[in-house]
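For the numbers below, each heavy atom of this structure counts, side chains included, while hydrogens, waters and symmetry mates do not. The sequence lines fix the lettering, A, B, ..., with proteins before strands; numbering per chain opens at 1.
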Amino acid sequence: MAQQAVTPQSVDFSKWYNEIVYKADLCDQSPVRGCLIIKPYGYELWEAIKGGLDRRFKATGHQNAYFPLFIPESFLKREAEHVEGFSPELAVVTIAGGKELEEPLVVRPTSETIIMDSFKNWIQSYRDLPLLINQWANVVRWELRTRPFLRTTEFLWQEGHTAHATAEEAEAETMQMLEVYADFAVNDAAIPVIRGRKTDREKFAGAMHTYTIEAMMRDKKALQSGTSHNLGQNFAKAFDIKFLDQNNESQYPWTTSWGLSTRMVGAIVMTHGDDKGLRLPPKVAPIQVVIVPIFKTDDERSVVMETVDRLSKELSNAAIRVHVDRREGQSPGFKFNDWEMRGVPVRMEIGPKDVQNGSAALARRDMPGKEGKQFVPQAGIVAAVQDLLVDIQANLLKQAETLREENIHDVKRYDELKDVIEKGGWARGWWAGTGDDEGRIKEETGATIRCIPFAQPGGKGACLLTGKESAQVVLFAKAY
RNA sequence: CGGGGCGUAGCGCAGUCUGGUAGCGCGCUUCGUUCGGGUCGAAGAGGUCGUGGGUUCAAAUCCCGCCGCCCCGACCA
């Protein structure tokens with residue numbers, strides 16, 4: 001159960017994060033190095049994320065399927081860049097059933113290869129395209145340094161895999177799914193994101209292009225929150241997937257893949273959380289309204305609970321996720337703090353005075369103390385709560401947008417970039433450097449190019465590092 | 001993989017230097033009290049001191065090995 005104070009963000013953000021994920025009851029430490037136990041409250045948050053995404057995937061014509069956890073080692077090796085990118089972090093099964101396996105099995109770090117192997121069988125004709133598949137799964141990447149939700153050895157995600165008849169269609173799919181992620185992030189998770197393309201240095205192993213949504217956490221570091229890859233014909237060729245087009249000519253299809261993981265839970269925590277705990281956007285909050293009953297005597301208890309039960313039912317009938325805190329050992333004050341730690345957007349207090357006055361106290365998590373507390377009539381409680389939830393959702397997004405706008409700075413020269421990065425912020429500037437130049441900047445400042453934003457100012461400018469004329473601006477930031 | 005730190009009750013720690021029958025705070029259980037912003041009190045439960053060996057009359061404590069975890073650096077959703 002949540003308890004006591006947490007290290008303030010201003011003192012040590014990293015420590016704040018590490019404490020809060022446990023205190024808010026999202027997760028537990030695992031006996032296995034680098035792995036994470038996701039507790040019911042944290043898993044409900046993930047389920048809300050899943051729900052929001054899955055609905056959007058279906059709406060854009062995708063179907064869910066499931067492929068094996070184990071992948072023959074040889075599959076990984078078929079695409080040169082892919083195997084090079086992943087081999088350092090693979091877990092490999094060499095013994096099973098008490099015997100050494102003839103061919104080792106890799107625990108999937110991602111499923112392109114095993115899915116392409118199926119696509120080879122499923123795709124014969126242009127009539128089989130586009131093929132639009134998604135899977136919800138766990139994957140394993142043997143990470144050296146891990147953090148709850150942000151980077152763990154095993155994590156949950158979805159991975160979409162599609163195949164198309166033309167390069168244009170594949171590119172459109174890649175962009176569409178990035179837009180789906182952005183729409184979810186902004187409208188459900190209340191996380192403003194910047195859409196853009198990764199540089200070659202940062203792109204997915206085996207991809208032609210990688211697109212990303214980048215979000216700013218409250219410590220001003222960047223978090224890649226979802227990615228979408230245009231794989232070109234790389235995997236189709238490596239797996240010999242071919243189809244006959246309308247002219248009866250054999251063609252390689254164009255494939256894409258896109259993923260979003262439990263890292264999104266960390267993104268929500270770090271985008272909205274404050275020193276009192278989580279602040280969950282209503283659309284993804286497992287509990288949207290918690291009711292804390294207040295009474296002294298048994299007589300008071302029975303009338304208070306009667307009102308509590310009635311209001312609770314009204315709210316849940318209106319599809320509001322409501323929870324009544326019936327615990328008896330704890331004082332109301334304790335419960336207030338406890339639910340604030342868990343980030344419940346709205347707290348309703350019902351006491352003897354409310355029973356008498358036909359009122360209810362509503363406190364909103366996004367505004368501290370008295371400022372966020374109001375008394376409303378019990379009649380019309382559903383509408384009042386609904387309005388409040390909408391307002392909180394919008395306010396969290398606005399606060400995150402404000403923070404981000406205040407901390408993105410345009411820079412013209414390298415020393416300006418260094419200054420911005422050192423103070424904590426994102427640096428945006430013209431760029432014509434090479435991959436090696438990026439590497440040098442990372443070494444010297446810790447910052448990397450997060451993306452080449454789709455939203456470009458237009459025109460041309462002098463590269464902040466080389467001075468060469470460039471037509472694109474990029475975003476530099478320290479990242480998780 | 002390199003550098004540093006730590007393994008003692010569910011959690012956080014003291015005890016280790018100087019060997020002598022294991023302690024504190026929080027949490028937990030029961031009872032009472034309190035209840036509109038983290039109530040208070042009483043009585044309880046709970047530990048192979050990470051692990052294997054060695055020294056000793058006696059080891060959480062000294063010696064050797066092993067395992068695990070955390071932090072800091074190079075790689076990553």
Donor-acceptor pair under 3.5 Å, A:R347 side chain vs B:rG37 base: yes
P gap between B:rG15 and B:rC75, integer Å: 40 Å
Whole-angstrom distance between B:rC49 and B:rA14, as gauged at atom C1': 13 Å
Pairing partner of B:rU16 (Watson-Crick or G-U wobble, both distances under 3.5 Å): none
Side-chain H-bond candidate by donor/acceptor type, A:Y211 with A:E171, under 3.5 Å: yes
Side-chain donor-acceptor pair present, A:H229, A:T210, cut-off under 3.5 Å: yes
Phosphate contact (B:rA77 OP1 or OP2) by A:R141 side-chain N/O below 4.0 Å: no
Given B:rG37, B:rA77, B:rC71, the nucleotide with the shortest approach to the side chain of A:T152: B:rA77
A:L144 side chain, from C-beta outward: closest of B:rA74, B:rC35, B:rC70: B:rA74
Closest listed nucleotide, where the reference is the side chain of A:S261 and the choices are B:rA77, B:rC69, B:rG37: B:rA77
Set of residues satisfying ring pair (Phe, Tyr, Trp, His ring centres under 6.0 Å) with respect to A:Y41, sequence neighbours excluded: none
Distance, rounded to the nearest Å, where A:E154 contributes CD and B:rA77 contributes C1': 14 Å
Ring pair (Phe, Tyr, Trp, His ring centres under 6.0 Å) partners of residues 257-288 of chain A, not counting sequence neighbours, each pair once: A:F57-A:W258, A:H62-A:W258
Pair A:K373-A:E349, side-chain contact (heavy atoms from CB on, under 4.5 Å): steps then yes or no: CA-CA 10 Å; A:K373 194 159 156 177; A:E349 302 165 24; 2.9 Å; yes
Interatomic distance where CG belongs to A:L36 and P belongs to B:rC70 [whole Å]: 12 Å
Stepwise salt bridge (Lys or Arg N to Asp or Glu O under 4.0 Å) test for A:R347 and A:D338: CA-CA 11 Å; A:R347 179 182 74 241; A:D338 191 32; over 6 Å; no
Distance, rounded to the nearest Å, where A:L362 contributes CG and B:rG36 contributes P: 18 Å
Sugar-phosphate only, base, or nothing, as touched by A:Y480 at under 4.0 Å among non-hydrogen atoms: nothing
Watson-Crick or G-U wobble partner of B:rG73, both distances under 3.5 Å: B:rC1
For atom CG of A:D12 and atom C1' of B:rC72, their distance in whole Å: 13 Å
Phosphate-side-chain proximity, A:R145 and B:rG73, N/O vs OP1/OP2 below 4.0 Å: yes
Partner nucleotide, any strand, of B:rG68 [Watson-Crick/G-U, under 3.5 Å]: B:rC6
Sugar-phosphate, base or nothing in reach of A:G351, heavy atoms under 4.0 Å: base
Residue mapping more 5' on RNA chain B - nearest nucleotide basis, A:F336 or A:R147: A:F336
N or O in side chain of A:K442 less than 4.0 angstrom from B:rC75 OP1/OP2: yes
Nearest-nucleotide 5' precedence on RNA chain B, A:R33 against A:G85: A:R33
N/O donor-acceptor pair, side chain A:D338 with base B:rG38, under 3.5 angstrom: no
Side chains of A:T434 and A:D437, donor plus acceptor under 3.5 Å: yes
Integer-rounded Å distance: B:rA77 P and A:E112 CD: 12 Å
Separation between the P atoms of B:rU29 and B:rG10, rounded to whole Å: 15 Å
Nearest-angstrom distance from the residue atom CD of A:E159 to P of B:rA77: 14 Å
Listed partners of A:D188 passing salt bridge (charged side-chain N to carboxylate O under 4.0 Å, His left out), at least two apart: A:R55, A:R56
Whether A:F155 stacks on the six-membered ring of B:rA77 base, 5.5 Å and 30° limits: yes
Sugar-phosphate only, base, or nothing, as touched by A:K335 at under 4.0 Å among non-hydrogen atoms: nothing
Whole-angstrom distance between B:rA58 and B:rG20, as gauged at atom P: 14 Å
Length of the line joining A:N18:CG and B:rC72:P, which is rounded to integer Å: 9 Å
Touch class at under 4.0 angstrom, heavy-atom based, for A:L150 against every strand present: base
Stretch residues 191-219 of chain A: residues that reach within less than 4.0 Å of RNA chain B through a heavy atom: none
From B:rG36, B:rC75, B:rG38, nucleotide with atom closest to A:E143 side chain: B:rC75
Stepwise side-chain contact (heavy atoms from CB on, under 4.5 Å) test for A:V139 and A:F155: CA-CA 6 Å; A:V139 288; A:F155 59 91; 3.4 Å; yes
Sugar-phosphate, base or nothing in reach of A:Q224, heavy atoms under 4.0 Å: sugar-phosphate
A:W258 CH2 to B:rA77 P, straight-line distance once rounded to whole Å: 18 Å
Residue pair A:S257 / A:E112, side-chain donor-acceptor N/O under 3.5 Å: yes
Nearest-Å distance once atom C1' is located in both B:rG44 and B:rA60: 26 Å
Pairwise C1' distance for B:rG32 and B:rG50, with rounding to whole Å: 42 Å
Which atom pairs, one a donor and one an acceptor, fall under 3.5 Å between side chains of residues 289-300 of chain A and the rest of the protein, sequence neighbours left out?
{"residue": "A:T297", "atom": "OG1", "partner": "A:E300", "partner atom": "N", "Å": "3.1"}
{"residue": "A:D298", "atom": "OD1", "partner": "A:R301", "partner atom": "NH2", "Å": "3.4"}
{"residue": "A:E300", "atom": "OE1", "partner": "A:K296", "partner atom": "N", "Å": "2.7"}
{"residue": "A:E300", "atom": "OE1", "partner": "A:T297", "partner atom": "N", "Å": "3.4"}

Pairing partner of B:rA22 (Watson-Crick or G-U wobble, both distances under 3.5 Å): none
Sugar-phosphate only, base, or nothing, as touched by A:E340 at under 4.0 Å among non-hydrogen atoms: base
Span that lies between the P atom of B:rC1 and that of B:rG47, in whole angstrom: 37 Å
Pair A:E438, A:T199: side-chain N/O donor-acceptor within cut-off below 3.5 Å: yes
Enclosure of A:E84 CD (heavy-atom neighbours >12, cutoff 6.0 Å): no
Touch class at under 4.0 angstrom, heavy-atom based, for A:T153 against every strand present: nothing
RNA chain B-proximal residues of residues 284-311 of chain A, any heavy atom under 4.0 Å: A:I294, A:F295, A:K296
Nearest-angstrom distance, P atom, B:rC64 to B:rA45: 40 Å
Who pairs with B:rC62 - Watson-Crick or G-U, where each distance is under 3.5 Å: B:rG54
